[in-house]
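Note that these values count all heavy atoms, side chains included, but never hydrogens, waters or copies made by symmetry.
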There are 2 protein chains.
Amino acid sequence: MEYCVTTKNNDSWYIGTNNFDLFKADKTEAIMFQGNGYLGIRATAEERNLNERRDMFVSGTFDAFNDEVTELPNLPDLLNMEIIINQRAFSLSTGLIENYHKHLNLKNGELIRSFDWLIDGNRISFKFSRFVSMNDVHLFVSKLEITSNQSDLNIKLNSGIDGQYSNSGTQHLVEGDKRLFDGKILQLQEKTQQTNIGFAFNVTQKAYIDEVLLKVKPDIRMDRRQIFDEYNVDMAKGKRFTFVKYANVYTTIDSDVGSDTISDISIDAIKRASLLNYGELLNKSANTWNINVWQRSLISIDSDDVKPQVAINFARYQLAANTPKDSRMNIGAKGLTGEGYKGHTFWDTEIYMLPYFTFTMPEMARNLLKYRYLGLDGARKKAKANGYWGAQFPWESAWSTDGEMTPPWGSADIVTGKPMRILSGSLEQHITSDVVIAVMQYLSITKDERFAEEMGYEIILDAAKFWASRLEWDLARKKFVIDNVIGPDEYKEHIDNNAFTNYTAFWCIQKAIAVIDVLKNSNPEIYNGLNLKLKLDESYQDWISKVNLIFLPKPNEFDVIPEDDTYLQKKIIETAQYQSDGGHAKIFKDYNLQQINDLQVTKQADVLLLVFLFEDLFSDDIKLVNWNYYEPKTTHDSSLSFSTHSILASDLNLADTAYDYFERACEVDLGTGAGKSNQGLHMASIGGVRVLDG
Amino acid sequence: MEYCVTTKNNDSWYIGTNNFDLFKADKTEAIMFQGNGYLGIRATAEERNLNERRDMFVSGTFDAFNDEVTELPNLPDLLNMEIIINQRAFSLSTGLIENYHKHLNLKNGELIRSFDWLIDGNRISFKFSRFVSMNDVHLFVSKLEITSNQSDLNIKLNSGIDGQYSNSGTQHLVEGDKRLFDGKILQLQEKTQQTNIGFAFNVTQKAYIDEVLLKVKPDIRMDRRQIFDEYNVDMAKGKRFTFVKYANVYTTIDSDVGSDTISDISIDAIKRASLLNYGELLNKSANTWNINVWQRSLISIDSDDVKPQVAINFARYQLAANTPKDSRMNIGAKGLTGEGYKGHTFWDTEIYMLPYFTFTMPEMARNLLKYRYLGLDGARKKAKANGYWGAQFPWESAWSTDGEMTPPWGSADIVTGKPMRILSGSLEQHITSDVVIAVMQYLSITKDERFAEEMGYEIILDAAKFWASRLEWDLARKKFVIDNVIGPDEYKEHIDNNAFTNYTAFWCIQKAIAVIDVLKNSNPEIYNGLNLKLKLDESYQDWISKVNLIFLPKPNEFDVIPEDDTYLQKKIIETAQYQSDGGHAKIFKDYNLQQINDLQVTKQADVLLLVFLFEDLFSDDIKLVNWNYYEPKTTHDSSLSFSTHSILASDLNLADTAYDYFERACEVDLGTGAGKSNQGLHMASIGGVRVLDG
């Protein structure tokens with residue numbers, strides 16, 4: 001295993017780096033991300049650098065720009081510190097840098113960066129510390145310490161709120177008032193363009209020499225979307241300059257505050273926070289990490305190599321840092337760690353991340369599933385718009401009730417020069433099954449009857465209604481088929497009878513029938529309520545008449561389950577050269593999508609995901625045959641692929657292979673592959689790493 | 001005189017620098033700006049740097065973000081070249097840079113930057129050349145040459161269209177299609193959010209080793225708002241790599257093309273352009289510079305010092321590069337050279353820049369005045385909204401017909417913490433006089449009767465109607481007064497009877513009466529048409545009854561013309577310490593606006609502008625007395641101040657003082673003052689420098 005980060009003294013709770021490469025920094029910015037499920041900030045440096053991605057997000061604050069789909073707006077930067085020492089603008093690219101260390105403490109969520117800056121014959125020591133509070137989710141505190149042993153320093157420090165950032169050029173936020181409170185609290189108010197979500201950002205700062213608070217008042221500088229304090233401090237040799245920046249964010253959709261008063265509430269909160277020092281606030285936050293996360297999910301790996309334990313700690317840290325507690329929101333495919341996938345939620349949550357929460361923090365799992373319950377109306381709209389009944393869950397979703405959010409268009413086709421349609425929003429329909437799979441797993445583990453009655457049954461039943469209406473009668477086969485879908489193997493568009501899709505659709509209807517059978521007997525009141533709402537009596541007859549006529553692709557003469565109607569007739573090519581580390585899509589250098597459609601090449605676990613998730617449906621012999629068939633044909637162009645392969649290999653007693661895939665799953669983000677995590681972490685792979693030990 | 005730029009071999013046609021400071025680069029980016037009145041590009045480097053302002057604008061393409069006033073959108077970057085040599089990302093901050101030269105040739109508009117990059121034991125020579133075509137206003141061509149004498153090179157070069165830039169965070173452009181034509185032309189289409197102006201940006205590129213065109217096809221990379229060619233070229237030692245980037249921009253409001261077909265038209269144009277090489281296209285452009293600019297405005301200064309001639313060449317260059325030929329647009333206070341003042345037009349055009357055009361290129365002056373004619377409806381709306389008649393011209397204007405565009409709110413007051421109102425849009429009313437002054441000057445110099453009949457008279461007459469309705473009867477004085485204005489001295493808000501305002505209002509009405517008197521006799525047909533439209537018979541009576549009752553602040557017992565009703569009663573302070581180089585507003589460190597309101601301190605020429613513009617109204621003695629009174633009280637916090645002081649001093653035979661002010665006017669942009677031109681050049685000061693020789 002090779003990681004792009006190192007530990008500190010072989011301690012699996014630290015990840016970081018002891019050197020910097022400005023042109024690769026954006027990868028580790030995502031890896032050393034800090035968050036609390038509400039607020040998320042990348043590990044960008046305080047001073048600006050080229051190639052950085054200075055992203056901060058608050059869960060659920062989706063907005064649309066013009067007629068684009070909604071995304072999480074990149075919020076004003078609270079990190080910034082512009083430092084000018086003896087008229088020299090500090091930058092890692094001027095002067096010399098020695099003793100560079102940047103480490104994230106996974107246990108308490110603190111990020112520390114320290115180094116010596118050698119400039120103009122001076123050696124100046126810098127130490128930056130910061131954390132996003134787990135205790136007060138609105139709060140972000142950072143600290144800068146500067147020591148000069150050789151000469152007096154003039155330190156100019158400009159620090160405040162900088163709203164000139166955007167989502168790769170797209171700006172969601174409308175500038176509101178810039179205010180100064182009590183002569184010392186900077187406030188910027190903004191709101192989203194279309195969804196009208198209000199934000200209040202506040203910063204208040206304190207400067208010390210040694211332990212003595214400076215009385216000097218900074219100048220205030222205001223510019224477009226910006227408000228800064230400008231300090232100018234002279235310090236004698238041997239002294240230490242300490243600067244503490246208290247910042248917070250509130251929004252008008254926060255579930256913990258009233259919507260109209262965020263300016264006042266946030267000002268009160270920053271005043272209260274700034275009564276405590278950095279260490280006191282950090283301790284409170286660390287305590288909450290301990291109680292809420294570490295005491296509830298203990299996993300230790302016995303190994304000479306610290307790396308597997310680092311991967312596990314990293315996975316638990318990122319899952320906690322990126323998962324909202326507000327059920328109107330969910331985990332984005334990249335959490336809050338970058339702009340990739342616009343903060344949207346996919347099946348990644350249900351299939352790859354939920355098991356961790358279901359087993360260790362069921363109330364978090366419940367929130368995440370409640371999100372799908374709140375999304376039922378959107379799912380019903382999508383079904384109706386497509387001519388179906390029941391609930392067809394969106395392939396990409398953002399705010400719980402907003403429904404389908406898959407962008408309709410992607411990049412241009414290199415051959416034709418024209419933009420290509422993105423079809424997953426309409427064709428990748430297994431998402432509806434995936435939600436039901438997660439609900440059933442949650443219910444079977446937690447026995448949470450109340451959730452079932454209030455939300456779970458309704459999801460299961462309405463999903464079955466969708467599937468029943470989705471079935472098409474195939475005259476030749478005399479079976480119900482499901483034509484024109486995209487399965488987990490997204491290389492193949494417009495395919496018929498994807499095994500994963502058909503089996504899970506069948507299973508959804510079967511489970512819904514079972515739910516009705518049980519409810520009618522044991523809980524007629526609940527049944528009657530649901531029947532009134534969903535017309536279950538009708539549906540039940542429909543399901544009974546169809547369920548056993550659903551076409552389920554059976555293993556062929558060689559025991560291979562066909563991925564779809566035509567896969568096994570397609571051309572076989574040598575796939576090894578296209579094997580990926582979860583993202584680079586090397587195969588597209590040689591083939592376009594239309595050509596790949598005619599090859600027996602699979603993007604990620606598809607049939608293998610089916611035999612993994614429904615382990616009782618297939619014998620070990622069948623599983624092994626299909627492993628041997630599909631595994632070599634899989635490029636793993638999706639980072640979701642490795643964890644499934646690892647666990648399935650483990651089930652098949654292929655220990656070395658299982659470990660190899662475990663390593664590859666760990667390396668999706670932690671590995672050395674360039675350019676892969678820049679736009680954010682791969683939360684599903686992180687969730688999958690965790691599943692291994694479930 | 002001290003300049004931030006140097007010439008080349010003491011040649012007054014070159015301005016540039018032989019060293020670079022990345023933290024000061026944004027000033028020279030504005031100074032070495034390239035443009036043709038349609039398209040304007042700052043002299044940002046091809047590779048990205050910190051502290052750069054990567055701005056490109058097309059005249060007149062105003063858009064509003066949310067409910068902000070309109071501004072010129074910062075367009076997608078066409079400059080960019082990301083260069084990676086032997087796996088090293090090229091940057092001025094890595095390795096060593098030697099022989100650095102960056103010079104703008106003012107005569108042909110070409111910018112050349114060359115240096116050696118010493119890296120990993122290699123010396124690699126770079127030369128970047130580029131120009132914005134004066135011949136084909138849509139076209140921008142750049143060239144990169146790389147030579148390595150010591151070793152073979154692998155050159156990776158990513159170059160294309162990058163739409164991730166914004167106006168300091170505000171994004172006006174909606175991403176449209178990204179396309180690839182003929183496998184080699186990159187196109188990005190965008191449109192403005194509210195005003196729905198469409199843009200097509202095209203880039204096509206050619207790579208050579210020595211003189212041989214490379215056949216290698218670049219990879220195409222597309223990302224959000226981005227489309228790039230990615231080249232990967234190996235080159236043997238001693239060879240020269242040459243890369244030519246042809247780029248163009250078309251919009252749906254271009255007056256020279258049909259609106260619906262800009263994609264096709266722009267593709268045809270880039271194909272045609274790319275048939276010629278860099279030198280051929282540069283020659284065409286240089287030829288147009290020669291014929292349209294240099295042959296029509298010859299000014300040479302006889303001096304041992306090259307700097308005055310540099311300033312004159314610079315001024316003529318910038319006036320040509322920033323002035324649109326389309327009369328629906330005008331010159332922004334910062335031209336196309338930066339985001340400052342949002343591309344808006346102020347009185348800067350009429351009072352400070354127009355004289356140059358009127359005397360040397362009257363058709364340009366006519367276009368600029370026609371802009372005001374096209375703006376009459378907006379001016380009428382403004383008058384009506386304020387309860388007046390006729391045309392009240394907007395203090396800030398953008399698209400000709402859109403009317404008043406002054407932002408209503410500015411920064412927060414440091415004392416109260418609350419945002420402050422910007423009052424110039426409602427109170428700085430002398431702009432209506434300024435337009436008439438410019439029209440009258442144009443008519444008297446050019447004798448352009450056709451302009452007078454079609455547009456000029458209507459402007460003069462409707463302005464007079466405004467002023468007549470604006471007058472208020474003062475019972476005590478038994479005069480018509482003008483209360484509650486801001487004069488050219490913008491330190492004073494809500495003042496009564498600003499001398500400049502009252503005199504010019506009086507003069508406007510007087511001139512309108514004279515126009516009617518002449519027209520009725522000599523051109524009754526035109527008069528009747530105007531009378532029908534503007535009800536002049538009524539107005540004429542109104543003017544006659546009022547004009548001689550307008551209160552005109554007369555010189556007091558000491559021959560001092562009071563700037564307004566109360567100025568001379570205010571406190572006098574020592575002003576020398578607040579004297580500025582045209583921008584820094586030092587006085588606000590000690591006083592807030594309310595306090596300055598009570599001091600005899602003047603921001604810029606006010607009474608002195610009056611005696612300068614209306615030189616026949618006042619005797620030389622009066623002028624000198626007022627010079628001696630006001631000049632020491634003036635801080636020159638507006639860059640408009642110096643040229644007026646210089647010319648007036650010259651009129652008063654204060655030769656040394658006149659030259660000193662001339663120098664200060666030249667140094668507004670060319671001087672070494674930090675941070676002042678970053679957001680764009682001071683076009684009025686540049687126009688004023690020119691006026692000196694008029």
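A:Arg179 is listed as a side-chain neighbour of B:Pro419, based on a closest heavy-atom distance under 4.5 Å. Using a 4.5 Å cut-off on side-chain heavy atoms (C-beta onward), B:Asp223 and A:Gln679 make contact.
For A:Lys156, the NZ atom sits in a packed shell: over 12 heavy atoms of surrounding residues, nucleotides or ligands are nearer than 6.0 Å. Counted within 6.0 Å of CZ on B:Phe20, heavy atoms from surrounding residues, nucleotides or ligands total more than 12; the atom is thus considered enclosed. At most 12 heavy atoms of other shown residues, nucleotides or ligands fall within 6.0 angstrom of atom OH in A:Tyr341. By the 6.0 Å contact criterion, CZ on A:Arg88 is open, its count of non-hydrogen atoms from other residues, nucleotides or ligands being 12 or less.
Between chain A and the residues B:Ser168, B:Ser93, B:Pro76, the most heavy-atom pairs under 4.5 angstrom are made by B:Ser168. Among the candidates B:Ile185, B:Asn167, B:Ile227, B:Asp182, the residue making the largest number of heavy-atom pairs closer than 4.5 Å to chain A is B:Asn167. Looking only at heavy-atom pairs under 4.5 Å with chain A, the residue among B:Gln193, B:Gln226, B:Lys178 that has the most is B:Gln193.
Smallest separation of non-hydrogen atoms from A:Leu50 and B:Asn49: CD2-C, 3.8 Å.
If you measure heavy-atom distances from A:Phe65 to chain B, the contacts under 4.5 Å come from the side chain alone. Of the two parts of A:Asp219, only the side chain, counted from C-beta on, holds a non-hydrogen atom closer than 4.5 Å to a non-hydrogen atom of chain B. Neither the backbone nor the side chain of A:Gln187 comes within contact range of chain B; no heavy atom of the residue lies under 4.5 Å from a heavy atom of that chain. Only the backbone of A:Leu173 comes within less than 4.5 Å of a heavy atom in chain B; its side chain stays farther off. For a residue to count as touching a neighbouring chain, one of its non-hydrogen atoms must lie under 4.5 Å from one of that chain's; by this rule B:Glu68 touches chain A with the side chain only.
Remark: A:Ser166 OG to B:Arg225 CZ distance equals 8.0 Å, nearest 0.5 Å. Rounding to the nearest 0.5 angstrom, the gap separating the CD atom in A:Glu175 from the CG atom in B:Asn66 is 11.0 Å.
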- Message: Between A:Asp177 and B:Lys418, does the side-chain contact (heavy atoms from CB on, under 4.5 Å) criterion hold? Intermediate values first, please.
- Response: CA-CA 8 Å; A:Asp177 282 354; B:Lys418 292 182 185 163; over 6 Å; no

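Counting only N and O atoms by type, the side chains of A:Arg48 and B:Asn51 include a donor and acceptor under 3.5 Å apart.
Side chain of A:Gln171 to backbone of B:Thr170: no donor-acceptor contact under 3.5 angstrom is found.
Listed by chain and residue number, nothing satisfies the salt bridge (charged side-chain N to carboxylate O under 4.0 Å, His left out) test with A:Asp67 (two or more places apart in sequence, or in another chain).
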